[in-house]
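These numbers come from the heavy atoms of this one structure, side chains and all, not from hydrogens, waters or symmetry mates. Counting from 1, the numbers follow the sequence of the chain as shown.
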Amino acid sequence: MKHSKAGKYPFPSPNCSGEWRSYRRILLAGTLFTLLFALLSRGFYHPDEHFQILEYAHLKLFGAETTDYLPWEYHAMMRPGLQPFIAWLLGRGLLVAGYYSPFALVSLLQLLSAAFSVVALFALFRAVYDELGTACRRRWFLYVGFFLCFEVYLHVHFTAEMATGNLLVLLAARTLRLRHSTPPSGFRAGMLLGLLAGLTFAVRYQAGFALAGYGLWLLCYHRRGRLFAGMVPGVLLALAAGVLADRWFYGEWTVVPYNYLRENILNSHMDEFGVSPWWFYFTESLREGGYLFGALMLAATGWFFIRHPKNPVTWMLVPFLFVHFLLGHKEVRFFFPALFFAPYLLLSFAQTVPQRLFAGRGWRWAVGVAAFANLCGCVYVIGTGRENTAFYRMIHAYCDGKGEVVALDCTGDWNLYSYLQLVKKRGMVDARFYMPRNFRLQHTDSPEQLERQARELAASGRQVVILSADPDFAEHTTLAVRKMEWNPYPGWVRRWFNFNGWTRFPVRNKNAYEVCAAPAPAAAP
């Protein structure tokens, strides 16, 4: 092995070129797989992933006569504007080029997130290259980072949690490399660290707990005056970018982190979404991550914290996870930023396992079964995630070439274009990002009002669509309606693999009905 320039970790020398070629092949395959997954993956894990970015970008791209349809967080001015600005910027580019569609913008954002994730993963690989020890462990690091189902899912989604995970990985990777730098890290290195730290906070304020732990680690184990001096302008530059993005977004100067603290913590609006016990993350991580893998991930994380108490990753993740255990409202997605360190944590844990356990035919069979299960998981994630997109594409195709299309629903009747908000103010929140330009959604207070408005609109010559969670709505209404058929699964899947009609389940409560025009009254004799 030979060392590269000062400040960089050792990499294979020319006589190890075969080993490095194997890494490059995995890197290339992993990059292509991640980008392909970004193009195929659709949908979102949680509605916040949509309403915190895409709806805001749509508002800035096309405007609106009112903002009452937006979630309460917008009116409280408590969501960062940095990611909506990026989405708006890409959307403007697509509009200028004449290629705009909501599906094209989502694909572009996911490709951007995928590319960012590849860069972050490679940076972490370089930082821990020597620590992994053997070529086998290094290859497994890349396999886990690029091909593990939940990892690639996280890598391609353009959300605050995912961007925070990548930024924390970059911050940790750069810090790990600086520990071995010669000469000691200076002002420019500090500026980069400060910029990464500031952007992490500007994207998701909860990351402040991880950054606080990171700052304590620097004070304890990496005190460098020039480094700290460089971090100050880096942090200020990133925070200034966040403040300017918030000013652009809300149209006025406001301190968005304080607004977030006031609404969610001081006013406890977060708890209105539900309060869970402290052990929630243990049980839910096992349920959502799979009992075998979830237990393995929990064990690897705990082992890493115990065996590496002076590692900056430990100082980042321990306060970040601990504070979330203390908060009343808990969701698994709050821990997603920590999962970006999974390759590092798992491979560090694997070093404690006796090597003889990884030999023999049984181990190869276990790896093969795990790889097949992981592939099935990837296919499942892609298939189920396209349900919403298939519905939106069906509506777009239906509205193409028509005049104004008015959709009606009942308040509280959940559908793919709206859901009922109960925090602070009761009302329907609309997903206008995926609505065609000639599509308008109206909410009614009762089935009787819905039928009355449908008749009035149809009589005025408008095309009317009813959105309902009732799969038998046609039998329960006096309107003449036709059910608009749609399904996210290809025809060959529904034909050959639709055992017990399982393909109907994703669409049974996501229905659209076209109101048929009433026959013209007969002319008087």
Side-chain angles (χ1 to χ4, degrees), residues 42-43 69 101-103 383-420 428-523:
R42 292 293 181 270
Y69 72 93
S101 77
F103 313 107
T384 55
R386 298 181 70 87
E387 293 171 8
N388 295 9
T389 303
F391 179 84
Y392 297 140
R393 287 189 181 277
M394 182 271 292
I395 293 294
H396 271 261
Y398 176 80
C399 294
D400 188 30
K402 290 184 174 64
E404 185 182 36
V405 177
V406 182
L408 301 175
D409 66 8
C410 284
T411 298
D413 188 9
W414 178 85
N415 59 73
L416 288 176
Y417 277 118
S418 60
Y419 74 95
L420 183 63
M428 298 296 282
V429 176
D430 298 341
R432 296 191 179 184
F433 177 80
Y434 285 108
M435 291 182 185
R437 300 299 295 163
N438 59 334
F439 184 91
R440 181 164 57 89
L441 179 61
Q442 291 184 4
H443 305 297
T444 62
D445 295 327
S446 65
E448 293 76 19
Q449 185 185 19
L450 183 146
E451 292 194 6
R452 184 169 61 252
Q453 288 194 14
R455 289 192 178 91
E456 293 173 356
L457 290 166
S460 66
R462 292 180 176 86
Q463 184 61 61
V464 182
V465 171
I466 307 296
L467 302 179
S468 174
D470 183 4
D472 301 316
F473 177 80
E475 302 173 8
H476 301 155
T477 182
T478 59
L479 295 169
V481 297
R482 178 189 66 85
K483 189 172 184 178
M484 301 165 63
E485 298 295 337
W486 72 281
N487 196 288
Y489 301 107
W492 61 272
V493 172
R494 300 197 300 271
R495 180 178 179 183
W496 298 105
F497 300 98
N498 189 23
F499 309 115
N500 296 321
W502 64 269
T503 59
R504 74 182 187 277
F505 292 116
V507 302
R508 58 184 173 180
N509 63 345
K510 305 165 187 175
N511 306 286
Y513 298 87
E514 178 186 27
V515 177
C516 303

Original post:
Just how far is it from atom CG of Asp413 to atom CG of Leu408, taken to the nearest 0.5 Å?
Top reply: 12.0 Å
Subject >> Residue pair Gln463 / Glu514, side-chain heavy-atom distance below 4.5 Å >> reply: yes
Original post:
CZ/Arg462 to CD/Glu456 distance, rounded to the nearest 0.5 angstrom?
Top reply: 10.5 Å
Original post:
Side-chain contact, heavy-atom cut-off 4.5 Å: Tyr417 with Leu467?
Top reply: yes
Original post:
Short question: side chain of Tyr69, backbone of Ser418 - any donor-acceptor pair under 3.5 Å?
Top reply: no
**OP:** Mind listing the closest non-hydrogen atom pair of Ala454 and Ile466 along with its distance?
**Re:** CB-CD1, 4.3 Å
Original post:
How far does CG of Leu457 sit from CZ of Arg440, to the nearest 0.5 angstrom?
Top reply: 6.5 Å
Original post:
Are any side-chain N or O atoms of Trp486 and backbone N or O atoms of Val507, one a donor and one an acceptor, separated by less than 3.5 Å?
Top reply: no
Original post:
Is the shortest side-chain N to carboxylate O distance from Arg455 to Glu451 below 4.0 Å?
Top reply: yes
Subject >> Short side-chain to backbone donor-acceptor contact, Asp430 and Arg432, under 3.5 Å >> reply: no
Original post:
Can you find a heavy atom in the side chain of Leu441 that is under 4.5 Å from one in the side chain of Met428?
Top reply: no
Original post:
Do Arg437 and Cys399 come close enough that some side-chain heavy atom pair is under 4.5 Å?
Top reply: no
Original post:
With respect to His396, which candidate in Phe103, Tyr434, Phe439 satisfies the ring-ring contact (aromatic ring centres under 6.0 Å, His included) definition?
Top reply: Phe103
Subject >> Which atom of Leu420 lies closest to which atom of Gly412, heavy atoms considered >> reply: CD2-CA, 4.0 Å
Subject >> Shortest non-hydrogen contact from Tyr513 toward Asp472 >> reply: OH-N, 3.9 Å
Original post:
Can you tell me if Asn438 uses its side chain to pair, donor with acceptor, with the backbone of Lys402 under 3.5 Å?
Top reply: yes
**OP:** Nearest 0.5 Å please: distance from the NZ atom of Lys510 over to the CE atom of Met394.
**Re:** 12.0 Å
Original post:
Taking C-beta and beyond as the side chain, do Thr444 and Arg452 meet within less than 4.5 Å on heavy atoms?
Top reply: no
**OP:** Drop me the distance from Glu448's CD to Thr477's OG1, to the nearest 0.5 angstrom.
**Re:** 10.0 Å
Original post:
Quick one: does Val405's side chain get under 4.5 Å of Pro436's, heavy atoms only?
Top reply: no
Original post:
Between Met484 and Ile395, is any pair of side-chain heavy atoms under 4.5 Å apart?
Top reply: yes
Original post:
Roughly how far, to the nearest 0.5 Å, is CD of Gln449 from CD of Gln442?
Top reply: 9.5 Å
**OP:** Give the minimum heavy-atom separation between Cys410 and Pro447, together with the two atoms involved.
**Re:** SG-N, 3.7 Å
